[in-house]
Engineer: 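Provided herewith is a single structure, encoded as structure tokens, for subsequent inquiry.
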Amino acid sequence: MAQAIPLLIGPADNTVPITVQRRTSVAPANAFRLIVPIDLSSVFHRVAPFPGVKGVANQTEAWDHVGPTRNPQFDDGSQADERLTEYTDGTSFAYQLTGFTNVLSRLAVGVRGEWNFNPDGDGTLIRWTYEFKPLPGRRWILAGPFAPLWRRYMVAAIERCLEAIESEESNS
């Protein structure tokens with residue numbers, strides 16, 4: 001029996017969620033299959049003031065079940081700790097990011113990321129949420145000036161994800 005992973009965010013937490021969504025003609029199961037293992041450095045490019053991802057270190061297992069961990073490496077020299085906390089094949093996955101060594105370490109305890117792949121006609125509605133758990137006294141920064149900047153970062157990344165999966169799908 002798999003050991004339960006302690007979750008960063010609980011029902012009583014006052015978090016700052018930021019959600020983006022996009023539609024694609026790719027079927028949900030195929031979109032899921034292509035996005036879950038995507039090369040982070042190919043889609044998370046620098047969008048000022050946020051760094052891009054230059055690679056991943058210390059990945060413990062394949063990113064296809066609950067439990068694996070890894071360390072995204074950012075192009076400003078910082079990193080974070082990431083753990084896959086939920087995985088429902090073809091439908092959704094979620095992860096936690098903690099241990100930031102950049103400015104996020106002064107704003108948030110951590111982040112819960114969640115991707116959902118919902119049927120949308122012949123294609124998929126992809127919804128991606130980053131839910132920030134603020135440090136005491138920092139919620140106003142995350143919910144205020146930080147949120148539109150982070151949303152812009154997420155929009156750029158999800159657009160690159162769609163380009164990658166639609167290109168892969170058309171080459172299949």
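No hydrogens, no waters, no symmetry mates; every other heavy atom, side chains included, goes into these values.
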Engineer: How would you list, by chain and number, every residue that makes a side chain to side chain donor-acceptor pair (under 3.5 Å) with Thr88, sequence neighbours excluded?
Structural biologist: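 For Thr88, no residue satisfies side chain to side chain donor-acceptor pair (under 3.5 Å) once neighbours in sequence are set aside.
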
Engineer: Show every ring-ring contact (aromatic ring centres under 6.0 Å, His included) that has at least one partner inside residues 66-92, sequence neighbours left out.
Structural biologist: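 Found Phe32-Tyr87.
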
Engineer: Taking the side chain as C-beta and beyond, is there a heavy-atom pair between Ser41 and Asp75 under 4.5 Å?
Structural biologist: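 They are not in contact (no side-chain heavy atoms under 4.5 Å apart), so the answer is no.
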
Engineer: How about Leu149 and Pro49: do any of their side-chain heavy atoms sit closer than 4.5 Å?
Structural biologist: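 Answer yes - side chains close enough.
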
Engineer: Between CD of Glu131 and CG of Leu142, what distance do you get to the nearest 0.5 Å?
Structural biologist: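 Going from the CD atom of Glu131 to the CG atom of Leu142 covers 12.0 Å.
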
Engineer: Does the side chain of Val16 reach to within under 4.5 Å of the side chain of Phe146, using non-hydrogen atoms?
Structural biologist: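 No - every pair of side-chain heavy atoms lies 4.5 Å or more apart.
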
Engineer: Using the side chain to side chain donor-acceptor pair (under 3.5 Å) rule, collect all pairs that involve residues 138-153, keeping only residues at least two apart or in two chains.
Structural biologist: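 As it turns out, the side chain to side chain donor-acceptor pair (under 3.5 Å) pairs with a partner in residues 138-153, which skip direct neighbours, are Asn14-Arg139.
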
Engineer: Residues two or more places apart in sequence or in another chain: which of them pass ring pair (Phe, Tyr, Trp, His ring centres under 6.0 Å) with Phe100?
Structural biologist: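 None.
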
Engineer: Any side-chain heavy atom of His65 within less than 4.5 Å of one from Leu84?
Structural biologist: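 Side chain of His65 against side chain of Leu84, heavy atoms only: no contact under 4.5 Å found.
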
Engineer: Throw together a table of side-chain donor-acceptor distances under 3.5 angstrom for residues 50-59, partners on residues two or more places apart or in other chains.
Structural biologist:
unit_1	atom_1	unit_2	atom_2	d
Asn58	ND2	Asn71	OD1	2.8
Gln59	NE2	Glu61	O	2.9

Engineer: Identify, with sequence neighbours excluded, every residue that meets side chain to side chain donor-acceptor pair (under 3.5 Å) alongside Glu159.
Structural biologist: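 Testing Glu159 for side chain to side chain donor-acceptor pair (under 3.5 Å), a comparison that skips the adjacent residues, returns Arg22.
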
Engineer: Work out which heavy atom in Pro145 is nearest to a heavy atom in Pro148; give both atom names and the distance.
Structural biologist: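 Scanning both residues completely, I find the closest heavy atoms to be O-CD, 3.6 Å.
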
Engineer: According to ring pair (Phe, Tyr, Trp, His ring centres under 6.0 Å), who are the partners of Trp63, at least two apart in sequence or on a separate chain?
Structural biologist: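 Applying ring pair (Phe, Tyr, Trp, His ring centres under 6.0 Å) to Trp63 gives none.
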
Engineer: Checking Asn116 against Ile126 for the side chain to side chain contact (heavy atoms under 4.5 Å, CB included) test, could you report, in this order, the C-alpha distance in whole Å, the side-chain angles of both residues, the deciding distance, and whether it holds?
Structural biologist: CA-CA 6 Å; Asn116 291 282; Ile126 299 173; over 6 Å; no

Engineer: Hydrogens and angles aside, do Ser78 and Asp76 bring a side-chain donor and acceptor to less than 3.5 Å of each other?
Structural biologist: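 Distance-only check passes for Ser78 and Asp76.
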
Engineer: Rounded to the nearest 0.5 Å, how far apart are OG1 of Thr85 and CD1 of Ile5?
Structural biologist: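 Answer rounded to 0.5 Å: 6.5 Å.
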
Engineer: Is Ile9 reachable from Ile141 through a run of I, L, V, M, F, W or Y residues, each pair having side-chain heavy atoms under 4.5 Å apart?
Structural biologist: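 No, it is not one cluster - the side chains of Ile141 and Ile9 are not joined through contacts under 4.5 Å.
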
Engineer: Quick one: does Trp115's side chain get under 4.5 Å of Ile35's, heavy atoms only?
Structural biologist: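 Side-chain contact under 4.5 Å: yes.
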
Engineer: Should Tyr130 and Val155 be counted in the same cluster of Ile, Leu, Val, Met, Phe, Trp and Tyr side chains packed under 4.5 Å apart?
Structural biologist: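 Same hydrophobic cluster.
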
Engineer: Hey, what do you get for CD1 (Ile165) to CZ (Arg160), rounding to the nearest 0.5 Å?
Structural biologist: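 The CZ atom of Arg160 is 14.5 Å from CD1 of Ile165, to the nearest 0.5 Å.
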
Engineer: Could you tell me which residues satisfy ring pair (Phe, Tyr, Trp, His ring centres under 6.0 Å) with Phe44, sequence neighbours excluded, listed by chain and number?
Structural biologist: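 Here the qualifying residues are Trp128.
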
Engineer: Might you point out which heavy atoms bring Ala80 and Leu97 nearest each other, and give the distance in Å?
Structural biologist: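 The pair with the smallest heavy-atom distance is CB-CD2, 4.3 Å.
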
Engineer: Say whether Ile158 and Ile38 are linked into one hydrophobic cluster, either directly or through other cluster members, by side-chain heavy-atom distances under 4.5 angstrom.
Structural biologist: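 Yes, Ile158 and Ile38 fall within the same hydrophobic cluster.
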
Engineer: Report the C-alpha separation of Val109 and Leu8 in whole Å, then their side-chain angles, then the decisive distance to 0.1 Å, and conclude whether the side chain to side chain contact (heavy atoms under 4.5 Å, CB included) test is met.
Structural biologist: CA-CA 8 Å; Val109 174; Leu8 173 70; 3.7 Å; yes

Engineer: If hydrophobic residues (ILVMFWY) are linked whenever their side-chain heavy atoms come closer than 4.5 Å, directly or via other members, who joins Leu125 in its cluster?
Structural biologist: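 Answer for Leu125: none, a lone residue.
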
Engineer: Which pair of heavy atoms, one from Thr15 and one from Pro134, lies closest together, and at what distance?
Structural biologist: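 Closest approach of Thr15 to Pro134: CA-CD, 4.1 Å.
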
Engineer: Give me the atom names and distance for the closest heavy-atom approach of Val47 to Ala156.
Structural biologist: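 It is CG2-CB, 3.9 Å.
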
Engineer: Can you pull out every salt bridge (Lys or Arg N to Asp or Glu O under 4.0 Å) where at least one residue sits in residues 101-123? Sequence neighbours excluded, please.
Structural biologist: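 Listed once each, the pairs are Arg23-Asp120, Glu86-Arg112, Arg112-Glu114.
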
Engineer: When rounded to the nearest 0.5 angstrom, what distance separates OG in Ser167 from CG in Leu162?
Structural biologist: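 Answer for the OG-CG pair, Ser167 versus Leu162, is 12.0 Å.
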
Engineer: Output all residues satisfying side chain to side chain donor-acceptor pair (under 3.5 Å) with Arg70, sequence neighbours left out; order by chain, then residue number.
Structural biologist: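 Arg70: side chain to side chain donor-acceptor pair (under 3.5 Å) contacts with Glu82.
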
Engineer: Would you say the side-chain atoms of Thr69 pair up with the backbone N or O of Arg83, donor to acceptor, closer than 3.5 Å?
Structural biologist: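 Looks like no, no N/O pair under 3.5 Å.
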
Engineer: Can Val111 and Gln96 be said to form a side chain to side chain contact (heavy atoms under 4.5 Å, CB included), step by step?
Structural biologist: CA-CA 6 Å; Val111 176; Gln96 295 179 161; over 6 Å; no

Engineer: For Gly123 versus Pro28, what's the shortest heavy-atom pair and its separation?
Structural biologist: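 That would be O-CD, 3.6 Å.
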
Engineer: Please determine, by modelled atom types, if Ser25 and Glu166 share a side-chain donor-acceptor pair under 3.5 angstrom.
Structural biologist: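 Checked: Ser25/Glu166 side chains show no N/O donor-acceptor pair below 3.5 Å.
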
Engineer: Are any side-chain N or O atoms of Asp13 and backbone N or O atoms of Gly10, one a donor and one an acceptor, separated by less than 3.5 Å?
Structural biologist: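 Flag set: sc Asp13 to bb Gly10 pair under 3.5 Å.
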
Engineer: Could you grab the distance from atom OG1 of Thr129 to atom CE of Met154, nearest 0.5 Å is fine?
Structural biologist: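 So the gap between those two atoms works out to 6.5 Å.
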
Engineer: Please give the remaining members of the hydrophobic cluster of Val103, linking ILVMFWY side chains under 4.5 Å, ordered by chain and number.
Structural biologist: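 Members alongside Val103: none; it stands by itself.
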
Engineer: Are Leu107 and Leu135 linked, directly or through intermediate hydrophobic residues, by side-chain heavy-atom contacts shorter than 4.5 Å (ILVMFWY only)?
Structural biologist: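 No, Leu135 does not connect to Leu107 through the hydrophobic network.
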
